[in-house]
Every structure is written in C-alpha cells, then in structure tokens.
Peer 1: 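One structure follows; several queries about it will come next.
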Amino acid sequence: MLNIELANRGIHSKVYYSELIDLKEKKIIRTSNPDPGIKYADEETVLYVYDKAKQYAYQVHMPSLTGLILRQVAGLLVSTLLIIILLGIAFGYLIKVLIRQKSLEEMKDDFTNNMTHELKTPIAVAYSAIDSLLNFHQGEDKKKRTEYFQICLDQLSQLGGLVEQILSMSMERRKSLALQKENLPLQDIINQQVALHQLKSDKPAIFKIHIDPAEMEVYADNVHLSNVISNLIDNGMKYSKETANIEINCSQDERYSYISFKDCGIGIEVQNVERIFDKFYRVPNGNIHNVKGYGLGLFYVKQIVEKHEGEISVKSTLGRGSIFTIKIPRK
C-alpha cells in the first residue's frame, strides 16, 4: 500500500520493509522484513507514533531521501556543472585575451613613442646640416662640406634602415616575402658588416672573427642575411658598455651552417629572454633610455631565419653578456 501511494504521488522509490514497534518495551512487534539480518547501505527510517497511550509506532525503512533527490536531479546537476566549467574556461580565455591585448597596446604605444622620438633626431640633424650649408656659407669650405654631407648621409641611412625594417615586417605579415637564395661567401659578408659598424659606431669596438672553414659558404638571401648579421652586430654593440667586445664564430656540419654572436654586454634577465623576439618588445631598463630602438630588430631576425627554414637561439647571463646563434640549412 505504501509503495502504491508513493508511486501515485510521483515518488519513484520503494519501501524496503516496515515494522510495528513497542516504544516502551523497545521491541519489534511485527516486521515485513523477511531477513532481519539484512541492512541496506542507503537505508533511512521514518517513525510514526499511532498510539501515544501504549507507545505503539509504525516504522518504515526506505532508501535515503537525499540519495533519491540527488539521483532524480543528477542530470540537472551534471548539466549545471558542465555549464559552470565551460563558463570558467570562457572567462579564463577572455581574461587571457584581454591581458594580451593590453600588452600589445602598451607595446604599440611604446613603439610609436620611440619611433617618433627617433625620427625627430636624424631629421633635425640632417636639417641643421643642410641649413648650415645653404644659409651660413659652410659649403664653401670643402672639409666642412664633406663633413656635413657625411652627416646627412648617416642620418638618411639610419632612416632608411628603419623604413626597410617596417616594410619587411609588412611583407612578412602578408606572407609575400620572397627569398633569392644562393651560395654566399660568409667571410665577405661579415667583414663588410663589421667595417660598416666600426665606421658608424660611437664607442670603441673590438671584433674577433673565427670562420671554419675559411671559405665557408651559406645558402641564403644576400640582402636579408646581411641585414640579419647587421642587426645582431648592432644589438651586441648597443648593449655593450664602454667598449664593445664581439666574437663571431662560424662553423658547419653536413646539414647546417652555424653563426654565433657573443658579446660581453649587460645581458638579459631570464624572464625576458623568451620575449625578446616578439614584435615591438624591448627589454625594460627602468628609466635608462640611452639605448634606442623600436623593438623590431630581433623580431625581423627571427622571421628571416625561419624563412630560411632555420632556427635562432639565445643564451644570456645578466651582467655578463649574450650569445645569439643562428642555424641555417646548407641546401
């Protein structure tokens, strides 16, 4: 009768057994349990005193109501849990994207500020040199004229280098950068870049070059490989102290050509090493602004090396310097 009534009321549970109990004597008068020794793990008892005078009660043994409710709403609970997990993942991803977007915005702002500042300097210097030649009769002195023209040439070269890097980044973004690979004499390219940097450097620079074999050739694009070498030399010189000591080691095996650039500069902190190849990223130096740049050089280097199907790696110790190594397939 109990099971029928429970079903009529929409409760999908069955009574295990029931008992008549004498509460005074604390004994079972009658039970429907065929085996009194059986105990159910989820068993729950409900007691109803129907004769208060004699203290007779009716006791029902049935499954736990908590377990019953949990089983009935299990589907809803699982669905809710999955929704909460998905919402958590979605919010986590959203926060990650927002943090990355903020970081990109900060890097772009830094790039814009640095570029604006850097562009003003060579333009102002070139303008002053030309103004002196035109309006102050400095052009009549051959020595002065040559000196001022050289100043203009250096500043225009600096502007040209920036424009070339930006154009290269734009081409890389459109994936339309085409390489003209050929076997290049590495000794000639390195010597040329070293001579150029020694000429324009504002600090003493000492280079040690080791190429084994001496006639070593690299299968690469002449223009872009020269730019890569120039960027890595320039990077080593900029972050050196009073004197730039740069060691260039070149070697090859059956599959790859290796070129490493070692400097004794300020080095890079561990947490910044992984980010130095990111676009616009510059290693923070607090309020020190004596080293100028746009955060494009190493990004350009990495892109070009990867275009050659090669790899670039860096090892750095803060206060002792860095070693950049590029690996390019021989064919």
Peer 1: Does the Asp221 side chain pair with the main chain of Gln180, one donor and one acceptor, at a distance under 3.5 Å?
Peer 2: yes
Peer 1: A quick test of your reading: do over 12 heavy atoms of other residues, nucleotides or ligands sit less than 6.0 Å from NZ of Lys203?
Peer 2: yes
Peer 1: Roughly how far apart are Glu269 CD and Ile276 CD1, rounded to 0.5 Å?
Peer 2: 12.5 Å
Peer 1: Using a 4.5 Å cut-off on heavy atoms from C-beta on, say whether the side chain of Val314 contacts that of Ile323.
Peer 2: no
Peer 1: Just wondering, do Ile312 and Thr325 contact through their side chains at under 4.5 Å, heavy atoms?
Peer 2: no
Peer 1: How about Met237 and Ile246: do any of their side-chain heavy atoms sit closer than 4.5 Å?
Peer 2: yes
Peer 1: Just checking, is any N or O donor in the side chain of Asn249 or Glu247 under 3.5 Å from an acceptor N or O on the other one?
Peer 2: yes
Peer 1: Quick one: does Cys250's side chain get under 4.5 Å of Asp212's, heavy atoms only?
Peer 2: no
Peer 1: Is Val78 reachable from Leu86 through a run of I, L, V, M, F, W or Y residues, each pair having side-chain heavy atoms under 4.5 Å apart?
Peer 2: no
Peer 1: Report yes if the side chains of Leu179 and His308 come closer than 4.5 Å at any heavy-atom pair, otherwise no.
Peer 2: yes
Peer 1: Taking the basic N atoms (NZ, or NE/NH1/NH2) and the acidic carboxylate oxygens, is any pair closer than 4.0 Å for Lys302 and Glu306?
Peer 2: yes
Peer 1: May I ask you to decide if Ile268's main-chain N or O and Ser316's side chain share a donor-acceptor pair within less than 3.5 Å?
Peer 2: yes
Peer 1: Where is the tightest heavy-atom contact between Val60 and Tyr58, given as atom of each residue plus distance?
Peer 2: CG2-CE2, 3.6 Å
Peer 1: Between Ile84 and Leu82, is any pair of side-chain heavy atoms under 4.5 Å apart?
Peer 2: no
Peer 1: Quick one: do Val228 and Ile326 satisfy side chain to side chain contact (heavy atoms under 4.5 Å, CB included)? Show the steps, please.
Peer 2: CA-CA 10 Å; Val228 166; Ile326 59 177; 4.2 Å; yes
Peer 1: Do Thr31 and Tyr17 pair up side chain to side chain, a donor and an acceptor below 3.5 Å, judged on atom types alone?
Peer 2: no
Peer 1: How close do Ser240 and Gly236 get, heavy atom to heavy atom, and via which atoms?
Peer 2: OG-O, 2.6 Å
Peer 1: Using a 3.5 Å distance criterion without hydrogens, assess whether the side chain of Asn3 forms a donor-acceptor pair with backbone atoms of Val15.
Peer 2: yes
Peer 1: Can you see which heavy atom on Ala53 is nearest to which on Lys24, and at what distance?
Peer 2: O-NZ, 3.5 Å
Peer 1: Check the pair Phe324 / Leu298 against side chain to side chain contact (heavy atoms under 4.5 Å, CB included), numbers first and verdict last.
Peer 2: CA-CA 10 Å; Phe324 289 84; Leu298 291 177; 4.0 Å; yes
Peer 1: Do other residues, nucleotides or ligands put more than 12 heavy atoms under 6.0 Å from the CD atom of Glu309?
Peer 2: no
Peer 1: So Leu225 and Ile189, do their side chains get closer than 4.5 Å, heavy atoms only?
Peer 2: yes
Peer 1: Can you tell me how far apart NE2 (His210) and CD1 (Ile248) are? Round to the nearest 0.5 Å.
Peer 2: 10.0 Å
Peer 1: Do Ile29 and Ile21 have side chains that approach each other closer than 4.5 Å (heavy atoms only, starting at C-beta)?
Peer 2: no
Peer 1: Taking all heavy atoms of Lys241 and all of Gly319, pick out the closest pair and write down the distance.
Peer 2: NZ-O, 4.2 Å
Peer 1: Do Tyr258 and Ile233 land in one hydrophobic cluster if side-chain heavy atoms of ILVMFWY residues count as linked below 4.5 Å?
Peer 2: no
Peer 1: Fit a plane to each ring of Tyr56 and Tyr50, take the angle between them on a 0 to 90° scale, and name the class: parallel (under 30°), tilted (30 to 60°) or perpendicular (over 60°).
Peer 2: tilted
Peer 1: Give a yes-or-no answer on whether the side chains of Asn231 and Tyr300 include a donor-acceptor pair shorter than 3.5 Å.
Peer 2: no
Peer 1: If you count every heavy atom of other residues, nucleotides or ligands that lies below 6.0 Å from Arg330 atom CZ, does the total exceed 12?
Peer 2: yes
Peer 1: When rounded to the nearest 0.5 angstrom, what is the spacing between CE in Met62 and OG1 in Thr45?
Peer 2: 10.5 Å
Peer 1: Does the pair Glu5 and Arg9 meet the rule for a salt bridge (charged side-chain N to carboxylate O under 4.0 Å, His left out), with working shown?
Peer 2: CA-CA 6 Å; Glu5 187 61 26; Arg9 293 173 180 264; 3.0 Å; yes
Peer 1: Look at atom CD1 of Ile4 and say whether more than 12 heavy atoms of other residues, nucleotides or ligands are closer to it than 6.0 Å.
Peer 2: no
Peer 1: State whether the number of non-hydrogen atoms from other residues, nucleotides or ligands found under 6.0 Å of Lys181 atom NZ is greater than 12.
Peer 2: yes
Peer 1: Any side-chain to backbone donor/acceptor pair from Asp263 onto Ser322? Under 3.5 Å, distance only.
Peer 2: yes
Peer 1: Measure from NZ or CZ of Lys327 to the centre of the six-membered ring of Tyr256 and say whether it is under 6.0 Å with the direction within 45° of the ring axis.
Peer 2: yes
Peer 1: Step through it carefully: locate the ring centre of His61, locate the ring centre of Tyr16, and say whether they are under 6.0 Å apart.
Peer 2: no
Peer 1: For Ser230, is there any backbone N or O sitting under 3.5 Å from a side-chain donor or acceptor partner on Asp234?
Peer 2: no
